[in-house]
> 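Pasting a structure below so you can have a look.
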Amino acid sequence: MDDTLLMVIDRAPYGDWQGREALDMAFSLAAFDRPVALLFRGEGVNWLRPGQDGDAVRQKTVSRNLGAARMFGVSELYADKAAMARFGLTEPTPEAVSVTPDPAFYRLFHQVVQL
Amino acid sequence: MDDTLLMVIDRAPYGDWQGREALDMAFSLAAFDRPVALLFRGEGVNWLRPGQDGDAVRQKTVSRNLGAARMFGVSELYADKAAMARFGLTEPTPEAVSVTPDPAFYRLFHQVVQL
Amino acid sequence: MSHQTDSMLTLHILNKAPGHPRFTACLVGMAEGDLLLLTENAVLALADDNVRLPASTRALAADCKARGIGGDVPLVDYRGMVQLTDRFSRIISW
Amino acid sequence: MSHQTDSMLTLHILNKAPGHPRFTACLVGMAEGDLLLLTENAVLALADDNVRLPASTRALAADCKARGIGGDVPLVDYRGMVQLTDRFSRIISW
Amino acid sequence: MPPTEAHQAPGYTLVITGAPYSSQAPATALAFCQALVDTGHTCDRLFLYGDGVYLASALNTPPSDETDWTAEWQALLSRHRIPAVACIASCLRRGLLDEQEATRYERPASNLASGFDIAGLGEWVEAQSSSNRVIYFHGGA
Amino acid sequence: MPPTEAHQAPGYTLVITGAPYSSQAPATALAFCQALVDTGHTCDRLFLYGDGVYLASALNTPPSDETDWTAEWQALLSRHRIPAVACIASCLRRGLLDEQEATRYERPASNLASGFDIAGLGEWVEAQSSSNRVIYFHGGA
């Protein structure tokens, strides 16, 4: 366990703003050089789906924000393995490491936050 | 099928205001002499639980509002039979008739509204 | 196009993600001949292994496109949604 | 009372109704020795036949009282909740 | 696809119960309303209820690269002379006030956006009989 | 039950992300915060984020027989000199403005309740290291 804060996103994109606002929190931590990781869990794995186009609903395409995560200093991205399979996201994504969000996983982090 | 509008409450009380605001709609219809019925479905059946005391969370006790429903002109109250059993509300309540919210039930009503 | 309405049949407009309790309640509440229109986060059901949708399902094109969802149900645009609300006089928003 | 904290153990504060996807996610995320505190609509789990709660469950008294929920887990008042947040340095709000 | 032919009036009442930035409801309803008028239908009124009243705040200030749903709705309402009513009980609880309510309750300001009026649930009851369709746009949670 | 003894400062940061009248979050957080101070703990700050910023509206006007959560929080904050900060990005989207932001964005009024300030997420980042506990009170949906 290090000092890293794990930000969990378990809501699908575009239907509400919770994931965006969680991402803003993660980016803020990174901007202040605090270690932060992201976990996409449950319906939140749909953030990682290829081929998104937010313009269709007049929102920003969230996967683009995500692409910038590493640039912003968010070092680790994780995806819920079972949820990826459930939503047909079987390919390994370049962005995220597949994990099982069990107690052992959560304990790798100093703090766990979800909105 | 008559002209009755069925207002469905499927959220538990006290955690949010959706049920209260649905009830306000039902009472408004009744105030204008429009026929209206209420269905408590899923977690919403907890509106019918005896022994509530909203003061404990500094809210009004919702079951009291409900007691006034007939007085306000809401003629029919229904409760989801399976959900009642699931939440240990096995006794027949004086307020509501147990039903199964299936297509045949919904078709008894001119309109079905839920918040 | 005629303006006949199917008086007992119902258009179910469902905008909740598949894990929401109301998603299941909607499917259970559908009668034969009813039509299901998936909007907003409900279109994720098209990619969800856990969900079996009725044959008479449509999905809002814009919401599918935003989320990168393909799927094999007919897509409708907002005008198509208007047409559906024209055709059905009974409409339930879930 | 000592102020020793169980450094790896976690207090899980859960306020979602039992049908919410996060309710299950919370139970799955709990380790042995962790404590579950049910608040707000989550206390309905005490009356819900579909839910099996871990042995180490507490519930917020005010929320139980408001909803007419009895149940057989220890109740804590808001001061008791403060004590729990004192005791656990790791706290997850679900 | 050919445009849907219009019914004769009476037309549609749209009810929004989800807030902008917490839900997609105002956005979906906007696109639907635009499609209504594009196909010659009449939108009799927009009714805001519950969290939907937050759409009517004149103070909503989204980032310049995000859609301003309040402004978009104001433009559509004005362009097609659609009356928009926010439920008074929902508004008062959630801090949406016109000048009259601000004065009545001695609050320091009013924030209701132009194009929206505050009124009671009677407007919604009225819609039940005067409109041909009442369509609800809820939050997603 | 004896009162919990207090830690020495640093104390608690409370984060509210659920709105009043749509969620119980501000109510549960209020009772928790009262219990904190009653047992000699320090509440370092209240941070409002997402829908939680709606708590900070000076225009919230609940019916007289319902609890006024904004007023209750203002009283508690003032009594114990607890700083309260609402996230600026959440506030702008949702129409919560202080005078400075109202002027900057040329909006017709401001509505931030006294006792609350608007600031960036830096305040929350700061809480991670300066407070001993950061406790979140979310909406229920």
Side-chain angles (χ1 to χ4, degrees), chain E residues 17-23 25-27 49-71 74 86-116 118 138-141, chain F residues 17-23 25-27 49-71 74 86-116 118 138-141:
Chain E
T17 70
Y21 311 109
S22 313
S23 87
Y49 194 65
D51 289 348
V53 301
Y54 286 128
L55 178 65
S57 170
L59 307 186
N60 293 341
T61 311
S64 55
D65 59 347
E66 289 184 22
T67 309
D68 183 336
W69 299 109
T70 302
Q74 285 178 299
C87 169
I88 187 165
S90 302
C91 279
L92 290 174
R93 277 201 188 91
R94 289 171 178 82
L96 270 285
L97 304 180
D98 60 10
E99 281 178 35
Q100 190 182 323
E101 299 304 324
T103 304
R104 184 198 313 256
Y105 293 102
E106 300 177 349
R107 297 286 157 166
S110 64
N111 60 345
L112 192 75
S114 65
F116 295 90
I118 290 183
H138 298 312
Chain F
T17 70
Y21 311 110
S22 312
S23 86
Y49 194 65
D51 288 349
V53 301
Y54 287 127
L55 177 65
S57 170
L59 307 186
N60 293 341
T61 311
S64 56
D65 60 347
E66 290 185 21
T67 307
D68 183 335
W69 298 109
T70 302
Q74 286 178 299
C87 169
I88 186 165
S90 302
C91 279
L92 290 174
R93 277 201 190 90
R94 289 172 179 81
L96 270 286
L97 304 180
D98 60 11
E99 281 179 35
Q100 191 182 323
E101 300 303 324
T103 304
R104 184 198 313 256
Y105 293 101
E106 299 177 348
R107 297 286 158 166
S110 64
N111 60 346
L112 193 75
S114 65
F116 295 91
I118 289 183
H138 299 312

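Everything quoted here is computed from the prediction, not taken from an experiment. Below, chain A is the first sequence line, B the second, and so on; all start at residue 1.
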> Side chain, backbone, both or neither: which part of Glu66(F) has an atom under 4.5 Å from a heavy atom of chain E?
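For Glu66(F), the contact with chain E is made by the side chain alone.
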> When rounded to the nearest 0.5 angstrom, what is the spacing between CZ in Arg93(E) and OG in Ser57(F)?
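That separation rounds to 14.5 Å.
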> Using a cut-off of under 4.5 Å on heavy-atom pairs, state which of Asn60(E), Leu96(E), Thr61(E), Leu92(E) scores highest against chain F.
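Max contact count across the listed options: Thr61(E).
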> Tell me, for Ser110(F) versus chain E, whether the close heavy atoms (under 4.5 Å) come from the side chain, the backbone, both or neither.
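For Ser110(F), the contact with chain E is made by the backbone alone.
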> How long is the straight-line distance from CG of Leu97(F) back to CG of Leu59(E), given to the nearest 0.5 Å?
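The CG atom of Leu59(E) sits 5.0 Å away from the CG atom of Leu97(F).
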> Which one wins on heavy-atom pair count under 4.5 Å against chain F: Tyr105(E), Tyr21(E), Tyr54(E)?
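Heavy-atom pairs under 4.5 Å are most numerous for Tyr54(E).
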> If you look only at pairs with a residue in residues 51-64 of chain E, which of them pass as a salt bridge (Lys or Arg N to Asp or Glu O under 4.0 Å), with sequence neighbours excluded?
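Qualifying pairs: Asp51(E)-Arg94(E).
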> Hey, does the side chain of Arg107(F) reach the backbone of Ala58(E) with a donor-acceptor pair shorter than 3.5 angstrom?
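Between the backbone of Ala58(E) and the side chain of Arg107(F) there is a qualifying donor-acceptor contact (under 3.5 Å).
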